K.L.:
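Once you've had a glance at the structure underneath, I'll fire off some questions.
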Number of protein chains: 2
Amino acid sequence: MHKLGNKFMVAEIMDNIRRVFQVVNEQSKKVEKETGLTGPQVWAIKVIAAEGTIRISDLAGRMYLHPTTVVGIIDRLEKRSLVNRVRSREDRRVVDVTLTPEGLQLVANSPEVASNKITQGLKSLNTPELTIIYHGLDKLTRILDATDLPPALIGSTEINLPKTNKRDVKGTD
Amino acid sequence: MHKLGNKFMVAEIMDNIRRVFQVVNEQSKKVEKETGLTGPQVWAIKVIAAEGTIRISDLAGRMYLHPTTVVGIIDRLEKRSLVNRVRSREDRRVVDVTLTPEGLQLVANSPEVASNKITQGLKSLNTPELTIIYHGLDKLTRILDATDLPPALIGSTEINLPKTNKRDVKGTD
DNA sequence: TCAAAATAATTTGTATGCCTATTAATTCTA
DNA sequence: TAGAATTAATAGGCATACAAATTATTTTGA
């Protein structure tokens with residue numbers, strides 16, 4: 001075993017945290033190239049596809065984004081005829097979003113988002129390897145006093161990370 | 001020692017990665033409240049303060065942002081009389097940015113940015129604890145094929161993460 | 001019942017963050 | 001040395017992201 005200095009390890013840890021951010025962003029660019037859509041747009045479409053039908057506010061909750069932001073994303077997806085907006089009949093305040101046939105086709109061919117890439121990578125590991133990562137991140141979040149924070153975002157696969165996650169998550173998770 | 005299932009650990013790891021993102025963003029809000037400036041603005045001011053005088057392109061390199069983005073940030077800081085722009089006499093293409101007295105005063109009172117919070121937390125750990133985090137993150141970045149990526153961003157302490165870091169870093173690091 | 005509170009989506013405005021020009025100045029090269 | 005390539009900063013345009021205010025609808029409560 002090689003003995004590493006604390007200072008070295010701190011620097012390396014910081015670099016590696018940055019690299020995780022990098023992966024998210026690089027993956028985002030790749031997605032953008034392959035689909036012609038931005039990361040959040042692909043992400044939204046994937047969530048909609050998984051749900052079949054979803055309300056704006058629930059979609060926002062799932063994406064850990066503000067409803068405002070999601071409205072804009074849906075606007076642009078609608079303009080490209082990838083999604084439909086339908087006013088709910090039960091509650092006429094609600095807007096239900098669904099995929100158009102074009103949207104369905106696109107989601108079938110779109111590549112993974114960043115969080116999925118990470119998840120896939122993790123799943124390929126054996127237990128001892130996973131354990132190392134698990135304990136390392138566990139300790140890291142502990143020193144950040146972050147263990148009590150609700151997990152959110154990432155998977156954003158995108159440039160712009162949302163500021164907070166304290167919004168109307170309608171228990172959709 | 002408790003035996004944990006792989007599935008559980010993968011889920012926990014993902015959550016903890018999200019929490020690291022959270023810390024960055026939460027910290028950003030705190031900074032915003034305390035200074036009245038946004039995270040990137042405070043970050044820029046701190047870099048300028050550290051350098052005394054810095055060119056736009058070098059500032060961009062330091063912040064792992066596009067020069068265009070930095071121009072916007074400097075625009076807003078200039079509007080608040082926190083920084084000055086001076087056209088360099090040696091190379092008249094260059095714009096040197098400095099802090100005004102108000103800017104200097106602000107930087108003295110502004111809180112830590114997120115990456116510093118992480119760094120501080122890490123520094124407080126002993127070697128065995130650090131080693132755990134180090135190996136965990138090392139393994140994580142390996143599975144992401146990210147170890148060869150140049151580390152960048154974060155420390156941004158901010159909402160919007162830059163897309164890439166491949167820009168003119170004038171060896172200022 | 002009927003006003004008040006809550007909820008869902010949208011609109012408006014600000015701040016990133018990037019890309020693609022564009023302008024001005026400097027350096028390289030034929 | 002004149003023209004070409006490079007470099008530095010900026011302008012303009014688009015897409016997030018948020019907060020605050022607005023509109024429409026539903027639910028609560030007096």
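Everything numeric in this text was worked out from a predicted model, so none of it was measured.
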K.L.:
What is the distance from CD of A/Gln41 to P of D/dA15, rounded to the nearest Å?
P.N.:
7 Å
K.L.:
Just checking A/Gln105: does its CD atom have more than 12 heavy atoms from other residues, nucleotides or ligands closer to it than 6.0 angstrom?
P.N.:
no
K.L.:
Phosphate oxygens OP1/OP2 of C/dC18: is one of them under 4.0 Å from a side-chain N or O of B/Thr69?
P.N.:
yes
K.L.:
In the structure I gave you, are the side-chain heavy atoms of A/Arg80 and A/Leu37 within less than 4.5 Å of one another anywhere?
P.N.:
yes
K.L.:
Quick check: are there more than 12 heavy atoms from other residues, nucleotides or ligands sitting under 6.0 Å from CZ of B/Arg89?
P.N.:
no
K.L.:
Atom CG of A/Leu59 to atom C1' of C/dA9: distance rounded to whole Å?
P.N.:
13 Å
K.L.:
Taking only residues two or more places apart in sequence or in another chain, which ones pass side-chain contact (heavy atoms from CB on, under 4.5 Å) with A/Arg76?
P.N.:
A/Gln41, A/Ile73
K.L.:
Taking a hydrophobic cluster as the set of Ile, Leu, Val, Met, Phe, Trp and Tyr residues connected by side-chain heavy atoms closer than 4.5 Å, whether directly or through intermediates, do A/Tyr134 and A/Ile132 fall within one such cluster?
P.N.:
no
K.L.:
Taking everything shown except B/Arg85 itself, do over 12 heavy atoms lie less than 6.0 Å from its CZ?
P.N.:
yes
K.L.:
Over how many whole Å does the gap from A/Leu65 atom CG to D/dT16 atom P extend?
P.N.:
10 Å
K.L.:
For a 4.5 angstrom cut-off between non-hydrogen side-chain atoms, does B/Asp91 reach B/Asp96?
P.N.:
no
K.L.:
For DNA chain C, find the residues of residues 70-87 of chain B with a heavy-atom distance under 4.0 Å and give them by number; none if there aren't any.
P.N.:
B/Ile73, B/Arg76
K.L.:
In whole angstroms, how far is the P atom of D/dT7 from the CD1 atom of B/Ile56?
P.N.:
18 Å
K.L.:
Using atom names, set out every protein N or O paired with an N or O of nucleotides 20-28 of chain C below 3.5 Å, distance rounded to 0.1 Å.
P.N.:
residue, atom, partner, partner atom, Å
C/dT26, OP1, B/Arg92, N, 3.3

K.L.:
With the side chain counted from C-beta on, respond yes when B/Val97 and B/Asn84 share a heavy-atom pair under 4.5 Å apart, and no when they do not.
P.N.:
no
